[in-house]
2 protein chains.
Amino acid sequence: MSAQLAIPSHPVATPDQALHARTSWLKTVDGGTAGGLQPSGSVQHFAQDREIYGEGDNAGVFFKVVSGVVRTCKFLSDGRRQIDAFHVAGDIFGFEMGWEHTLSAEAVCDCTVIPYRRRGIETVNDEVLSQQLFSYAMRSFARAQEHSLLLGRRSAVEKVAAFLIEWAEQSPAGTVVSLAMTRQDIADYLGLTIETVSRTLSQLERDALIELPTARQIRLKDIAALQEMNA
Amino acid sequence: MSAQLAIPSHPVATPDQALHARTSWLKTVDGGTAGGLQPSGSVQHFAQDREIYGEGDNAGVFFKVVSGVVRTCKFLSDGRRQIDAFHVAGDIFGFEMGWEHTLSAEAVCDCTVIPYRRRGIETVNDEVLSQQLFSYAMRSFARAQEHSLLLGRRSAVEKVAAFLIEWAEQSPAGTVVSLAMTRQDIADYLGLTIETVSRTLSQLERDALIELPTARQIRLKDIAALQEMNA
DNA sequence: CGTCCAGTTGACTCACCTCAAACGTGGTGG
DNA sequence: CCACCACGTTTGAGGTGAGTCAACTGGACG
């Protein structure tokens, strides 16, 4: 899910290099420092619901997910939350324009990430690297636009269907989606409440479009019908 | 509003170089072709509601707004529309990662734009230029995230208030906002209906937060209170 | 076996949508 | 100069999709 920036020389739990396959691009920066980019320490672990960084924190490092799932989100002062994206193995998150994080990042489940120290983009004079970063930014942007359409103009069923399709696409098991996140996470991603998410899933099950063996396992029985809702 | 990419040597109607002041960056590319970027023909005019490009069109050129306002948006098959952004003088729009436009662009009012031909970013080997493009992409991305929070988690009043603040910030006249767009445009930007937008504005006027001399002119009488809603 | 917590379900409410009518302003033609 | 029209906007009345509040369920864990 979400934008990926291939930075080689580190193991990735779910090898999905095939998607957005640009892994080869960065062979030249494989050591780190050449392009203003360097791994900063080694793999870090975060327990479920731990904050990785907060909105406003110094953005001197950004991260790549090795395993697990990370959510990036914004909060309103009264606690309302909007999840911007879920990041899975291979995804970059937390790379910013300025020197502050504009979102916060939290571990959806136990997960491991690699931190990268960055210098200002004004000092990045490796053209291949900056193309990579650019590509990352543009892909994030395109995804955000899609998300805006969903949040602004789709009904609850359509939102949930879109969510299922999104995860089915990158789910190895094809039609069975295993969710790392709670209903609350899904709700905050789709701009709904947990009750509405739950009711909608139950409805989809009654309509025989999906099956819910457990709360976190969803079998998509009629992907075509789900996709139809996203026309 | 929205991301700006400073490309010099062309007149800009509303000189707001002070914002995001990066105008000096591109002195070196001032002829055009050096970085894989070149003006493609000269200024183009579009009458109100004319399509500049459609979703899926070839993205071989992108644009900079000279005067007027442009909207970029997505449609669902049944006609529902989500406006992603309004672009004013100085703003870049239509720059894409791939070779297809992922949104369509239309003239909100009569407007003029400059087209730029681009080559693939893989051939952009001017580091300053690619930093610029990157900065553009990242700013667009940050704006899109902000918009997601608005669409997903804000009430109608909060949405309208945010919209007014957003335009006040770049309105030369300070507290009087002149709108180029219809209520329908506002509604599709905020994920509301035109009736709700209209009712909300009337409500804000009754509460003495704004004044509506005409439908397209809005005086902000209590900016602090409007900003308060965006906490 | 009891506790805890995520998830589900139900009853009710309400913010926003829908449909429809009225208003107002700007443009056109008589 | 005024009558008329067109169209964007406002307002009203009523409906509804999703939210709120609250009770219940069921698996995980001690």
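To find a chain, count down the sequence lines: A is the first, B the second, and so on, and within it residues start at 1.
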Original post:
Of the nucleotides D:dA18, C:dG7, D:dT10, which one has an atom closest to the side chain of A:Ala215?
Top reply: C:dG7

Subject >> Between C1' of C:dT25 and CD of B:Gln217, the distance in whole Å >> reply: 14 Å

Original post:
Atom CG of B:Leu204 to atom P of D:dT10: distance rounded to whole Å?
Top reply: 12 Å

Subject >> Candidate nucleotides D:dG8, D:dA18, C:dC16, ranked by approach to the side chain of B:Arg216 - the nearest >> reply: D:dG8

Subject >> Length of the CD-P vector between A:Gln203 and C:dT9, whole Å >> reply: 10 Å

Subject >> Donor-acceptor pair under 3.5 Å, A:Arg199 side chain vs D:dG17 base >> reply: no

Original post:
Is there a side-chain polar atom (N or O) of B:Thr196 under 4.0 Å from OP1 or OP2 of C:dC17?
Top reply: yes

**OP:** Tell me what A:Thr214 touches on the nucleic acid: a base, only sugar-phosphate, or nothing, going by heavy atoms under 4.0 Å.
**Re:** nothing

**OP:** Ignoring hydrogens and angles, state whether a donor on the side chain of A:Ser202 or A:Arg206 is under 3.5 Å from an acceptor on the partner side chain.
**Re:** no

Subject >> Interatomic distance, B:Gln48 CD vs D:dG8 P [rounded to whole Å] >> reply: 8 Å

For residues 51-58 of chain B, dump all side-chain donor-acceptor pairs below 3.5 Å to protein atoms at least two apart in sequence or in another chain.
unit_1	atom_1	unit_2	atom_2	d
B:Glu51	OE2	B:Gly54	N	3.4
B:Tyr53	OH	B:Gly94	N	3.4
B:Asp57	OD2	B:Gly54	N	2.8
B:Asn58	OD1	B:Gly60	N	2.6

Subject >> Base C:dC19 to side chain B:Glu195, donor-acceptor N/O within 3.5 Å cut-off >> reply: yes

Original post:
How close or far is atom P of D:dG27 from atom CZ of A:Arg183, stated in whole angstroms?
Top reply: 14 Å

Subject >> Whole-Å gap separating P (D:dT10) and CD1 (B:Ile194) >> reply: 9 Å

**OP:** Taking the side chain as every heavy atom from C-beta outward, state whether B:Lys74 and A:Glu146 have any atom pair closer than 4.5 Å.
**Re:** yes

Original post:
Is there side-chain contact between A:Val157 and A:Met229, with at least one heavy-atom pair below 4.5 Å?
Top reply: yes

Original post:
Roughly how many Å is it from CG in B:Leu190 to P in C:dC17, rounded to a whole number?
Top reply: 11 Å

Original post:
Within the pair A:Thr182 and C:dA6, is there a side-chain N or O less than 4.0 Å away from OP1 or OP2?
Top reply: no

Original post:
A:Leu192 near the nucleic acid: base, sugar-phosphate alone, or nothing, with a heavy-atom cut-off under 4.0 Å?
Top reply: sugar-phosphate

Original post:
Can you tell me how far P of C:dA15 sits from CZ of B:Arg154, to the nearest Å?
Top reply: 18 Å

Subject >> Toward the 5' end of DNA chain D, by each residue's nearest nucleotide, B:Val197 or A:Val157 >> reply: B:Val197

Original post:
Do the numbers put B:Arg118 on top of the ring of B:Phe95, so that NZ or CZ is under 6.0 Å from the six-membered ring centre and no more than 45° off the axis?
Top reply: yes

Original post:
Is any side-chain N or O of A:Ser198 closer than 4.0 Å to OP1 or OP2 of C:dG7?
Top reply: no

